[in-house]
Amino acid sequence: MNCPFCGYFDSKVVDSRDINDSVRRRRECLQCNARFTTYERWQVASLFVIKKDNRREEFKVEKVLAGVRKACEKRPLASGAVEKLVDDIEGELYRMGKTEIPTTVIGDMVMARLKVLDHIAYIRFASIYRDFADITMLKEEVDSIAGRADLPNINQLPLIPREELVEMVNNSKRGRK
Ligand SMILES: [Zn+2]
């Protein structure tokens with residue numbers, strides 16, 4: 001970084017201190033000896049998501065968190081479970097080392113984790129994300145879960161109160177996004 005006083009390109013660090021997730025460095029210009037401060041912070045490469053209509057937008061973990069939170073509303077989950085699920089996904093996305101990821105990949109990652117965590121949250125998320133065309137598809141999804149004996153919370157069936165199921169289907173018919 002050039003000296004803000006004389007524009008010289010080089011400086012020496014006279015003091016360095018960690019502040020939260022950044023480093024504060026006190027620098028001294030090698031030409032005019034003026035002192036100035038820089039803050040350096042770690043930054044991951046930008047990640048973009050490719051939406052269904054092929055538009056790209058910057059990946060925002062808050063959006064994933066909001067979607068998962070909504071699906072998990074009023075579910076008896078351990079505190080921090082939702083945040084951890086989303087943290088895991090975020091970490092995995094960055095580890096993939098790609099600059100662009102289809103939203104469907106992220107959606108599938110959420111679904112895979114919710115399926116293990118909580119069936120109702122899973123179905124709620126699926127009903128929004130997959131945009132179930134009609135109740136048959138949704139029912140098939142419910143049945144396919146119900147048929148899996150290896151899932152831990154199988155005795156919490158029926159998965160969804162009928163009213164909620166009907167509401168979901170009506171919402172998806174209205175083309176809610
Ligand atoms: Zn200078």
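Values below: every heavy atom of this structure, side chains too, minus hydrogens, waters and symmetry copies. Counting convention: from 1, in listed order, for ligands and their atoms alike. Everything numeric here is computed off the predicted structure, so don't read it as measured data.
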Count, waters excluded, of protein N, O or S atoms under 2.8 Å from the Zn ion (ligand 1):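 N, O or S atoms of the protein closer than 2.8 Å: 4.
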NZ/NE/NH1/NH2 to OD/OE distance under 4.0 Å, R69 and E83: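 Looking at E83 together with R69, the answer is yes, because their closest N to O distance falls below 4.0 Å.
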Side chain proximity check, R56 to V49, heavy atoms < 4.5 angstrom: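 Side chain of R56 against side chain of V49, heavy atoms only: no contact under 4.5 Å found.
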Pairwise side-chain contact, K84 with D88, heavy-atom cut-off 4.5 Å (strictly under):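 When only atoms from C-beta onward are counted, D88 and K84 do touch, with a gap below 4.5 Å.
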Audit row: E57, K63, salt bridge (Lys or Arg N to Asp or Glu O under 4.0 Å) steps and yes/no: CA-CA 12 Å; E57 78 179 26; K63 279 195 172 178; 2.6 Å; yes
Short side-chain to backbone donor-acceptor contact, R26 and D15, under 3.5 Å: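 Not at all, since once roles are kept as given, no pair shorter than 3.5 Å links the two residues.
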R27 side chain to D10 backbone, donor-acceptor under 3.5 Å: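 Looks like no, no N/O pair under 3.5 Å.
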